[in-house]
Amino acid sequence: MSRLFNKHIIVAISGGIAAYKSAELVRLLKTAGAQVEVVMTRGAIEFITPLTLQALSGNPVHQHLLDPAAEAGMGHIQLARWADAILVAPCTAQVMARLAQGQADDLLSTLCLATQAPVLLAPAMNQAMWNDPATQANAQLLIERGLTLLGPDVGEQACGDVGPGRMLEPGQLVIELEQIFSSHAWQGRKVVITAGPTREAIDPVRYLSNHSSGKMGYALAQAAVEAGAQVHLISGPTNLPTPIDLQCTQVQSARDMLSACQNACQDADIFIASAAVADYRPAEKAEQKIKKTGAKSGFSLELVQNPDILATIAADFPRLTCVGFAAETQQLVAHAQAKLKRKQVAMIIANDVSEPGIGFNSDENQVCLVTAEGAKQLPRLPKTQLARQLINHIAQLDK
Ligand code: CTP
């Protein structure tokens, strides 16, 4: 399966003759399983119709920065956050100049400025324009700022010239784009990740649990695979499809999760506890379904504390780099610092679960990384993108 499967890709098309090749680019990305949104500049629609790109991407094309209909749906900031990557193809000399200046005067340039995702440019222009010192200086500046230039290719140009300035072929752009989703930050590392809720049985039909969706842990597992790690995901019950290219063990209770972790961590390098483990379980599991006959006005359940999986693993495997999460509703950093010490781990990823739209069950999250060195706030991001950033931060701990 392609690394682009399910990735959110914005294809931004600017006004050059190579725009006709962007149709094939979008088709190839869709074939690879990516979700594609297309942005076109005014110049681009002189070369190719939005209808073509709409048909190929399966989504209406975004053309205007201040379009009330679009802003009511997926507005420009939301679109910038949605993207796992933005590929500007073709990228004209003028777009390069505007990006180098940090302008935000149309949708394409605003998205490139507003996104946290990687921005890749596929320059396409006449060879003299590419070789011009102004374009070369812009290219240099954009690379220094972290944008990636794909190409240009050398060869015959639409204007009859021969030289550098041809846009890379769509198939090559797809291969290059796949590369950004396969870093080598964790090449050869063995990683164990817990995810989802646990279920603590009351009787054969009832249990105690919580609202964890598992999305953060699954996104981390996927990002760890993409970073080259050998991943063992130990998951409580979720509705999520199992990520590809990893080992997954499904468990129910906290005690099952602990014993699966103890087995999996024997030869692991990194342990990430993202599961929302039930802190308590019923003292006894009734063998038969508990009937309400007999109980007059109420029913009480005796609970006992579950083992702390993260603290146990950190104590049992002192050479493992252990990372935990902290779901808090107040005093985020102070509580996370206390957990860091109490559980003896290298990092706590703290998030405020009282904030609407982030944390439990949502697609976005905003976290603060707490280590012995201090606290670092990360921007609000889709969990898939945040996971990739977290992998890079944890890789720094694991050196
Ligand atoms: N954790 C764990 N086992 C538990 C409880 C928590 O492994 N029995 C892990 C979680 O996966 C998370 C971290 O510990 O990485 C912190 O979880 P959290 O629920 O925020 O903290 P608790 O330790 O349960 O403390 P409290 O509920 O008092 O905030």
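Basis for what follows: all heavy atoms, side chains included, without hydrogens, waters or symmetry-related copies. When a ligand or atom number is given, it counts from 1 through the structure's own listing order. All residue numbers in this chain count up from 1 along the given sequence.
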Under 3.5 Å, is there a donor on one side chain and an acceptor on the other for Glu176 and Gln172?
yes

Which pair of heavy atoms, one from Val95 and one from Ser14, lies closest together, and at what distance?
CG2-CB, 3.5 Å

Common cluster, Phe317/Ile272, ILVMFWY with side-chain heavy-atom separation under 4.5 Å:
no

Counting only heavy atoms from other residues, nucleotides and ligands, does the tally under 6.0 Å from CD of Gln266 exceed 12?
yes

In the protein, which heavy atom is nearest to atom 22 (P) of ligand 1, and how far is it?
Lys343 NZ, 3.8 Å

the protein heavy atom lying closest to atom 4 (C) of ligand 1 turns out to be Val277 CB, 3.5 Å

Going by distance only, is there an N or O of Asp279 that falls short of 3.5 Å from an N or O of ligand 1?
yes

If you measure from the Lys or Arg side-chain nitrogens to the Asp or Glu carboxylate oxygens, is any gap between Asp106 and Arg98 under 4.0 Å?
yes

Evaluate Ala275 for polar contact with ligand 1, using N/O atom pairs at a separation under 3.5 Å.
yes

State whether Phe181 and Arg3 meet the cation-pi test: NZ (Lys) or CZ (Arg) under 6.0 Å from the six-membered ring centroid, and within 45° of the perpendicular axis.
no

Please work out whether any backbone atom (N, CA, C, O) or any side-chain heavy atom from C-beta onward of Ala254 is under 4.0 Å from ligand 1, and answer side chain, backbone, both or neither.
neither

shortest atom 7 (O) of ligand 1-to-protein heavy-atom contact is with Leu310 N, 2.8 Å

A student checking ligand 1 against Ala327 at a 4.0 Å heavy-atom cut-off should list atoms 20 (O)

With a heavy-atom distance limit of 4.0 Å, tell me whether His335 approaches ligand 1 through its side chain, its backbone, both, or neither.
neither

Residue Arg342 vicinity, atoms of ligand 1 by number, heavy atom under 4.0 Å
23 (O), 25 (O)

Could you identify the single nearest non-hydrogen protein atom to atom 16 (C) of ligand 1 and state the distance to 0.1 Å?
Phe325 O, 2.8 Å

Just by distance, no angles: are the side chains of Thr384 and Gln222 close enough, under 3.5 Å, to form a donor-acceptor pair?
no

Between Arg380 and Glu355, does at least one N-O distance fall below 4.0 Å, as a salt bridge requires?
no

So the atoms of ligand 1 within less than 4.0 Å of a heavy atom of Ala326 turn out to be 20 (O)

Return the closest protein heavy atom for atom 3 (N) of ligand 1 as residue, atom name and distance.
Ile309 N, 2.9 Å

Among all protein heavy atoms, pick out the one at the shortest distance from atom 15 (O) of ligand 1; state its residue, atom name and that distance to 0.1 Å.
Ala273 O, 2.6 Å

Taking NZ, NE, NH1 and NH2 as the nitrogens, is one of them in Glu24 or Arg27 under 4.0 Å from a carboxylate oxygen of the other?
yes

Between Arg342 and Asp308 (salt bridge meaning N to carboxylate O under 4.0 Å), is one present in this structure?
no

Are Val251 and Val192 connected in a single hydrophobic cluster, I mean Ile/Leu/Val/Met/Phe/Trp/Tyr linked by side-chain heavy atoms less than 4.5 Å apart?
yes

Distance filter under 4.0 Å to Gly324 heavy atoms, resulting ligand 1 atoms:
15 (O)

Between Val11 and the options Val36, Val39, Leu56, the side-chain contact (heavy atoms from CB on, under 4.5 Å) test singles out Val36

Could you tell me whether some N/O pair between Glu328 and ligand 1 is separated by less than 3.5 angstrom?
no

Look up atom 20 (O) of ligand 1 and tell me if a protein heavy atom lies less than 4.0 Å from it?
yes

Check this for me - ligand 1, Ala276, N or O atoms closer than 3.5 angstrom, yes or no?
no

Which bit of Met257 gets closer than 4.0 Å to ligand 1, counting heavy atoms only: side chain, backbone, both or neither?
neither

If you have a sec, work out which protein heavy atom is nearest atom 25 (O) of ligand 1 and how many Å separate them, to one decimal?
Lys339 CE, 3.5 Å

Based purely on interatomic distance, does Pro307 place a nitrogen or oxygen under 3.5 Å from a nitrogen or oxygen of ligand 1?
yes

Checking Val174 against Leu25 for the side chain to side chain contact (heavy atoms under 4.5 Å, CB included) test, could you report, in this order, the C-alpha distance in whole Å, the side-chain angles of both residues, the deciding distance, and whether it holds?
CA-CA 7 Å; Val174 171; Leu25 172 64; 3.9 Å; yes

Heavy atoms only, cut-off 4.0 Å: how does Asn306 contact ligand 1, side chain, backbone, both, or neither?
neither

